[in-house]
Undergrad: 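Got a structure for you, written out below as structure tokens; questions coming shortly.
Worth saying up front: this structure is predicted, and the values here are computed from it rather than measured. Order of appearance sets the numbers: ligands from 1, and atoms from 1 within every ligand.
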Amino acid sequence: MTALDGPYYRLGVADVIEETDDAKSIVFDVPEDLKQRFAYLSGQFLSLRIEVDGHRLVRCYSLASAPGLDPRHKVTVKRVVDGRASNWLNDHVAKGDQLEVMHPNGIFCLRDRETPLVLFGGGSGITPIISIIKTALRTTSRLIKLVYANRNDRSIIFKDELARLLSKHADRLEIVHRLDDVHGFVDPALVVQQVGPRTDADF
Ligand SMILES: Cc1cc2nc3c(=O)[nH]c(=O)nc-3n(C[C@H](O)[C@H](O)[C@H](O)COP(=O)(O)OP(=O)(O)OC[C@H]3O[C@@H](n4cnc5c(N)ncnc54)[C@H](O)[C@@H]3O)c2cc1C
């Protein structure tokens, strides 16, 4: 039995993927008896409970995988300077490990509408967004715009996967990359410009 105390369950790590110099994805094996408990919507997150230097830490990580499209649950953890959990997860988790994970939670999910979607993401904030984009492309005919800010080109998480989605769905997906070292920070003027006339969109 994989259930622990409270809402936590022990899940096996099926894979660890190096996404960028400072972010790794952790892919989980969800056993058959937990499939229903771990059913999720795009935009929801998992809470990981770990022990670092004798301290128990709980941190939330959005699911970057999409239900019904990706075979396994995947979260992506980006290092935070001096962050305890994010660095521990990047440094210590390996394929075959077991982690304590709470079932999916969260309300940052797609609404049942057909209006355009305008999504703003920065750095690791792309994780719930890529899941939402994949689901919206698969289950709706909504127009989708992503404005995605990163420090530089090397730090763009899911760069190739986004490029593949764009080439397959260029008719209704638009992606605007903003790089701090090239374009400067995103500011209100840019937000106004990118939203344009889509004021009835979901943001
Ligand atoms: C719903 C949700 C979804 C999320 N999804 C993702 C995701 O997909 N990917 C992702 O990478 N992150 C995600 N996060 C963020 C994640 O949960 C963690 O907050 C992040 O990984 C940092 O945790 P940490 O333990 O490494 O940092 P912490 O150790 O909590 O430190 C955070 C910052 O506070 C500073 N700090 C710590 N202690 C002190 C102190 N005593 N005094 C002063 N400063 C201090 C640290 O130096 C650091 O800069 C999500 C958060 C939420 C709420």
Undergrad: Is it the case that over 12 heavy atoms from other parts of the model lie below 6.0 angstrom from the CD atom of Glu114?
TA: yes
Undergrad: Among all protein heavy atoms, pick out the one at the shortest distance from atom 3 (C) of ligand 1; state its residue, atom name and that distance to 0.1 Å.
TA: Ser62 OG, 3.4 Å
Undergrad: Identify the closest protein heavy atom to atom 9 (N) of ligand 1: which residue and atom is it, and at what distance?
TA: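 Sorting protein heavy atoms by distance from atom 9 (N) of ligand 1 puts Thr76 O, 2.8 Å first.
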Undergrad: Short check: is a protein heavy atom less than 4.0 Å from atom 45 (C) of ligand 1?
TA: no
Undergrad: Is there a protein heavy atom less than 4.0 Å away from atom 52 (C) of ligand 1?
TA: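 True for atom 52 (C) of ligand 1.
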Undergrad: Using a strict 4.0 Å threshold on nitrogen-to-oxygen distance, state whether Asp53 and Arg84 make a salt bridge.
TA: no
Undergrad: Report, as yes or no, whether the 6.0 Å neighbourhood of atom CZ on Arg151 holds more than 12 heavy atoms from other residues, nucleotides or ligands.
TA: no
Undergrad: I'd like to know if Leu11 and Trp88 are part of one continuous hydrophobic network [Ile/Leu/Val/Met/Phe/Trp/Tyr, side-chain heavy atoms within less than 4.5 Å].
TA: yes
Undergrad: Does atom 36 (N) of ligand 1 have any protein heavy atom closer than 4.0 Å?
TA: no
Undergrad: Is it true that atom NZ of Lys35 has more than 12 heavy atoms of other residues, nucleotides or ligands lying nearer than 6.0 Å?
TA: yes
Undergrad: So that I can tick it off, tell me whether Lys78 and Glu19 are bridged by a salt bridge, with the cut-off set at under 4.0 angstrom between side-chain N and carboxylate O.
TA: no
Undergrad: Determine whether the side chain, the backbone, both or neither of Leu57 has a heavy atom under 4.0 Å from any heavy atom of ligand 1.
TA: neither
Undergrad: Tell me: protein heavy atom nearest atom 11 (O) of ligand 1, and distance?
TA: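 For atom 11 (O) of ligand 1, the nearest protein heavy atom comes out as Lys78 N, 2.9 Å.
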Undergrad: Hey, is CG on Asp200 packed in by over 12 heavy atoms from elsewhere, all under 6.0 Å?
TA: yes
Undergrad: Do Asp15 and Lys95 meet the salt-bridge criterion of a basic N to acidic O distance under 4.0 Å?
TA: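 Looking at Asp15 together with Lys95, the answer is no, because their closest N to O distance does not fall below 4.0 Å.
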Undergrad: In terms of atom number and element, which parts of ligand 1 are under 4.0 angstrom from non-hydrogen atoms of Val77?
TA: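 Matching atoms, with element in brackets: 11 (O).
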Undergrad: For atom 23 (O) of ligand 1, is there a protein heavy atom at a distance under 4.0 Å?
TA: yes
Undergrad: Any protein heavy atom sitting closer than 4.0 Å to atom 5 (N) of ligand 1?
TA: yes
Undergrad: Can you list the ligand 1 atoms lying under 4.0 Å from a non-hydrogen atom of Val80?
TA: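 Counting atoms of ligand 1 from 1, those under 4.0 Å from Val80 are 22 (C), 48 (C), 49 (O).
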Undergrad: In terms of side-chain geometry, is the basic nitrogen of Arg79 or Asp21 positioned less than 4.0 Å from the acidic oxygen of its partner?
TA: no
Undergrad: Under a 4.0 Å heavy-atom limit, does Tyr61 contact ligand 1 with its side chain, its backbone, both, or neither?
TA: both
Undergrad: Does the protein put a heavy atom less than 4.0 Å from atom 40 (C) of ligand 1?
TA: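 Answer no: nothing from the protein, no heavy atom, is under 4.0 Å.
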Undergrad: To which protein heavy atom is atom 19 (O) of ligand 1 closest, and what is the distance rounded to 0.1 Å?
TA: Arg59 CD, 4.1 Å
Undergrad: Just jot down the ligand 1 atoms closer than 4.0 angstrom to any heavy atom of Val81, in number order.
TA: 46 (C), 47 (O), 48 (C), 49 (O)
Undergrad: Starting from atom 38 (N) of ligand 1, what is the nearest protein heavy atom, named by residue and atom, and what distance separates them?
TA: Arg84 NH2, 4.2 Å
Undergrad: Which atoms of ligand 1 are found less than 4.0 Å from any heavy atom of Gly83?
TA: 24 (P), 26 (O), 27 (O), 28 (P), 29 (O), 31 (O)
Undergrad: So, Arg198 and Glu174, do they make that salt bridge, N to O below 4.0 Å?
TA: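 Judged by the 4.0 Å cut-off on N to carboxylate O distance, Arg198 and Glu174 do form a salt bridge.
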Undergrad: Take a 6.0 Å sphere around CG of Asp171 and say whether it holds more than 12 heavy atoms from other residues, nucleotides or ligands.
TA: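 Counting other residues, nucleotides and ligands, CG of Asp171 exceeds 12 neighbours.
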Undergrad: Are any non-hydrogen protein atoms located under 4.0 Å from atom 28 (P) of ligand 1?
TA: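 Yes; the ligand atom in question has protein heavy-atom contact below 4.0 Å.
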Undergrad: Any idea which atoms of ligand 1 are less than 4.0 Å away from a heavy-atom of Thr127?
TA: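 So the answer, numbered in order with elements, is 7 (C), 8 (O).
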Undergrad: Would you check if the distance from the ring center of Phe38 to the ring center of Tyr9 is below 6.0 Å?
TA: yes
Undergrad: Counting both backbone and side chain atoms, is some N or O of Phe45 under 3.5 Å from an N or O of ligand 1?
TA: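 N/O-N/O distance under 3.5 Å: no.
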Undergrad: For atom 16 (C) of ligand 1, what is the closest protein heavy atom, and at what distance to 0.1 Å?
TA: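 Result for atom 16 (C) of ligand 1: Cys60 O, 3.4 Å.
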Undergrad: Within a distance under 4.0 Å of any heavy atom of Ser124, pick out the atoms of ligand 1 and give their elements.
TA: 9 (N), 10 (C), 11 (O), 12 (N)
Undergrad: Determine whether any protein heavy atom is located less than 4.0 Å from atom 49 (O) of ligand 1.
TA: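 There is a protein heavy atom less than 4.0 Å from atom 49 (O) of ligand 1.
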Undergrad: Ignoring hydrogens and geometry beyond distance, is a side-chain donor-acceptor pair present between Ser65 and Tyr40 at under 3.5 Å?
TA: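 A pair is found: one side chain offers a donor N or O, the other an acceptor, under 3.5 Å apart.
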Undergrad: Quick test: of every protein heavy atom, which one is nearest to atom 26 (O) of ligand 1, and how far off is it to 0.1 Å?
TA: Ser86 OG, 2.6 Å
Undergrad: Assess whether a salt bridge exists between Glu161 and Arg164, defined as any Lys/Arg side-chain N lying under 4.0 Å from an Asp/Glu carboxylate O.
TA: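 Arg164 and Glu161: not salt-bridged.
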